[in-house]
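Worksheet: the structure to be examined is printed underneath.
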Amino acid sequence: MYRRMYIPTHTNFGSYLAGLMAGLMYHKMRRADFVAARHKGFRVLWYASLPAAIVLLLSAYIFYAYDYEKPAIWIALYAAVSKNLWGALFGVLFVGLAFGVGGFLRSALNNPIFRPLGKVTYCVFLCHLFVIRVTLGNVRQPIYVSDLVSTSSTLVLAYIMGTLMCLLVEIPFSNVQKSLFSYQKENIYKEEIQLVRNGCNNASDERPVVQTIESKMES
């Protein structure tokens, strides 16, 4: 089940695509000077996104409480729609937060304590499956989220490993990349300045010639 549900790319591609589309939508709306407070429809959609996501998450309970006959087309349709809709709802939620909607939720998420956690989040995402397989791969009975010991230990280990990866891999390579690209931009900028200076010098050299020709024509 793990290899069929979490390893293949297509099972989570909808959420990845929803995140990319949300980023593009935010970039386009920001260029258009979008103001969320003036758009009632967007605010209604934003306030409905979080309750809808919670209902969508809890609605999966019926498939665990009742043993339906499998395979079933409607179960497959529910799984496909729910996964893609989950990513779309959170895309709307985060775009709204970026535009100042949210009140207390936005103030809480803007707390400075989340800044270092936000920097290591991508590295945690990259390594958390490895941590899960190492810590829980030898367990032969079902594991529930309500088991706080297993859940919290896996989360803490994932953040420790993600922090090490961020400090040893992501940040050094990011600094090297910035240095390389900034050096290229600096060279291009210097070349443009030199071309402008050359053009000004050529123009200043031509001015006396033009002035002498005009004086001769007037005489």
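Keep in mind the model is a prediction, meaning the values are calculated, not measured.
Put simply, CG on N110 and CZ on R115 are 8.0 Å apart, with the number rounded to the nearest 0.5 Å. Atom OG of residue S15 and atom CG of residue L89 lie 10.5 Å apart, to the nearest 0.5 angstrom. In this structure, CG in L17 is found 6.0 Å from CE in M21, a value given to the nearest 0.5 Å. Atom CG of residue L126 and atom CD of residue E170 lie 8.0 Å apart, to the nearest 0.5 angstrom. Note that NZ of K178 and CZ of F173 are 15.0 Å apart. Values are rounded to the nearest 0.5 Å. Atom NZ of K83 is separated from atom CG of L56 by 11.5 Å, given to the nearest 0.5 angstrom.
The neighbour count for I113 CD1, taken as heavy atoms of other residues, nucleotides or ligands under 6.0 Å away, does not exceed 12. In this structure, I73 places its CD1 atom where only 12 or fewer heavy-atom neighbours from other residues, nucleotides or ligands lie under 6.0 Å away.
When all heavy atoms of W46 and V92 are compared, the closest pair comes out as CD1-O, 3.3 Å. Smallest separation of non-hydrogen atoms from C123 and G162: CB-O, 3.3 Å. Taking each heavy atom of C127 and A158 in turn, the nearest pair found is SG-O, 3.7 Å. Residue A88 comes nearest to A18 through the heavy atom pair N-CB, 3.8 Å, listed as atom of the first residue, atom of the second, then distance. Considering every non-hydrogen atom in both V95 and M29, the closest pair reads CG1-SD, 4.4 Å. Between S59 and I62, the shortest heavy-atom distance links the atoms O-CG1, 3.2 Å.
The distance between the ring centers of H39 and F34 falls below 6.0 angstrom.
With a 4.5 Å cut-off on side-chain heavy atoms, M161 and F130 count as touching. Side-chain contact between L24 and K28 is absent, with no heavy-atom pair separated by less than 4.5 Å. Counting heavy atoms from C-beta on, the side chains of F99 and V35 never come closer than 4.5 Å. Taking the side chain as every heavy atom from C-beta outward, L97 and F94 approach each other to under 4.5 Å.
Cluster membership for V156 and Y159, using ILVMFWY side-chain heavy atoms within less than 4.5 angstrom, is not shared. Residues Y47 and L93 are members of one and the same hydrophobic cluster, defined by side-chain heavy-atom contacts under 4.5 angstrom among Ile, Leu, Val, Met, Phe, Trp and Tyr. Grouping the Ile, Leu, Val, Met, Phe, Trp and Tyr side chains by contacts below 4.5 angstrom, directly or via other members, places L50 with L58. Linking Ile, Leu, Val, Met, Phe, Trp and Tyr residues whenever their side-chain heavy atoms come within less than 4.5 Å leaves F125 and V120 in two separate clusters. Residues V124 and L164 do not share a hydrophobic cluster, defined by chaining ILVMFWY side chains whose heavy atoms lie under 4.5 Å apart.
Looking at Y26 and R30, their side chains do bring a donor and an acceptor atom within 3.5 Å of each other.
Residues meeting the ring pair (Phe, Tyr, Trp, His ring centres under 6.0 Å) test with F90, sequence neighbours left out: W86.
In this structure, L167 belongs to a hydrophobic cluster whose other members, linked by side-chain heavy atoms under 4.5 Å apart, are I171.
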